[in-house]
Amino acid sequence: MGDRPAVARLALAACVGLGAGVLSGMFGVGGGIVLVPALVAILGMDQRRAAATSLVAIIPASLAGTTTYALRGDVSLAAALIIVLGSLAGARMGTRLLAVLPARALPWIFIAFAASVLVMGRAHEPVREAALSLDAARDPGAVAALVCIGLIAGLLAGLVGVGGGVVIVPGLEILAGAGDLLARGTSLAAMAPTAIAGTVSNLRRGLPDARIGMVVGLASVIGSPLGAVIARALSPRAASWLFSAFIVVAIASVLRRARRPGGAAVSGPADPPPRESGR
């Protein structure tokens, strides 16, 4: 009888992960932009713990999504490796900031980040078939741009618990001229190392709920292939509008929580304070 609340909590986590997996496959994101507000609103985590737990879940989600896109040839490993160079450094910076910034500031950082992604997405017209050439990837200017994309993505991954796909996908489309499916597959390939590096740093600080994170992540593996199938069935324009609507919902959810008295710092009964291990 005493285990029922824990079982119900894990079942809710699995449902959250399934939905995040579908979104991961559809949009080439790790799902963190929806996982963070979902973990806060549904499982009662505070923003810092939700961000760290989300990063744990992104690892299996990004690996599953990468496999799905790679089987159809929609991954550029060269571009992904260049992005990872920047994202690993950015993830270390982001997780350090996560440990020291006030919890009340984190929702507003998330909202500002998501709003900027929304504006960026509406300013760009996506295409389907454009390729990312290896010659462009070897060009010093292109390499520098990809490293910068990775740095920003890694910073936000560590700080607000997103995998960075919402930065990498539009970055690849706008700066590198990649088609939308290629950008999503490459984004997912670059996300796994970033999420692993950020999670290692967070675990040293005792920030994530690793069990919830793994349940969410494994459930997302089921939803990710379905999301990729939906992405191929949608036109680039339709997928872009759906992605914008998805971001608006995420912003509204976090904003409503942040505006409640003490909302940014509330933890549920099953969400214990971070341990001081690793110091």
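Just so you know, residue 1 is the first one in the sequence shown, and it goes up from there. Since the structure is predicted, the reported quantities are computational estimates derived from the model, not experimental observations.
To the nearest 0.5 angstrom, Ile212 atom CD1 is 5.0 Å from Leu10 atom CG. How far CD1 of Ile196 is from OG of Ser201: 12.0 Å, rounded to the nearest 0.5 Å. Taking OG1 of Thr53 as the start and CE of Met45 as the end, the distance is 4.0 Å to the nearest 0.5 Å. Distance CD1/Ile82 to OG/Ser76: 7.5 Å, rounded to 0.5 Å. With values rounded to the nearest 0.5 angstrom, Thr199 atom OG1 is found 9.5 Å from Met214 atom CE. Taking SG of Cys15 as the reference point, atom CD1 of Ile42 lies at 8.5 Å (rounded to 0.5 Å).
Val147 and Leu81 fall into different hydrophobic clusters, defined by Ile, Leu, Val, Met, Phe, Trp and Tyr side-chain heavy atoms under 4.5 Å apart, directly or through other members. Residue Leu155 is grouped with residue Ile149 when hydrophobic side chains (ILVMFWY) are merged at heavy-atom distances under 4.5 angstrom, including chains of intermediate members. The hydrophobic cluster containing Met93 also contains Ile83, counting ILVMFWY residues as joined when their side-chain heavy atoms lie under 4.5 angstrom apart, directly or transitively. Residue Ile58 is not grouped with residue Ile222 when hydrophobic side chains (ILVMFWY) are merged at heavy-atom distances under 4.5 angstrom, including chains of intermediate members. Note: the hydrophobic cluster containing Leu18 does not contain Val229 (ILVMFWY, side chain heavy atoms under 4.5 Å, direct or indirect links).
Between Leu88 and Pro193 the shortest side-chain heavy-atom distance falls below 4.5 Å. Using a 4.5 Å cut-off on side-chain heavy atoms (C-beta onward), Met191 and Leu63 make no contact. Side-chain contact between Leu234 and Leu242 is present, with at least one heavy-atom pair separated by less than 4.5 Å. In this structure the side chain of Val216 reaches within 4.5 angstrom of the side chain of Leu35, judged on heavy atoms. Put simply, the side chain of Arg205 does not reach to within 4.5 Å of the side chain of Val100, judged on heavy atoms. A heavy-atom distance below 4.5 Å is not found between the side chains of Asp46 and Val40. For the pair Leu146/Leu85, no side-chain contact is recorded, criterion being any heavy-atom separation below 4.5 Å from C-beta on. Counting heavy atoms from C-beta outward, Ser224 and Val22 have side chains that stay 4.5 Å or more apart.
Val36 approaches Ala51 most closely through the heavy-atom pair CG2-CA, 4.1 Å. For the residue pair Leu43 and Ala13, the shortest heavy atom distance occurs at CD1-CB, 4.2 Å. Across Leu39 and Ala50, no two heavy atoms sit closer than the pair CD1-O, 3.6 Å. Between Ser220 and Ala57, the shortest heavy-atom contact is OG-O, 4.2 Å. Residues Ala14 and Ala219 come closest through the heavy atom pair O-CB, 3.2 Å. The two atoms that bring Thr95 and Gly198 nearest to each other are CG2-O, 3.5 Å, heavy atoms only.
Hydrophobic side-chain contacts under 4.5 Å tie Val221 to no other Ile, Leu, Val, Met, Phe, Trp or Tyr residue.
Among pairs with a residue in residues 64-73, none fulfils side-chain hydrogen bond (donor to acceptor under 3.5 Å, both in side chains), at least two apart in sequence or across chains.
Between Asp180 and Arg237 no salt bridge is recorded (no basic side-chain N to carboxylate O distance below 4.0 Å).
Thr186 places no side-chain N or O within 3.5 Å of a backbone atom of Ala183 that could act as its donor or acceptor partner.
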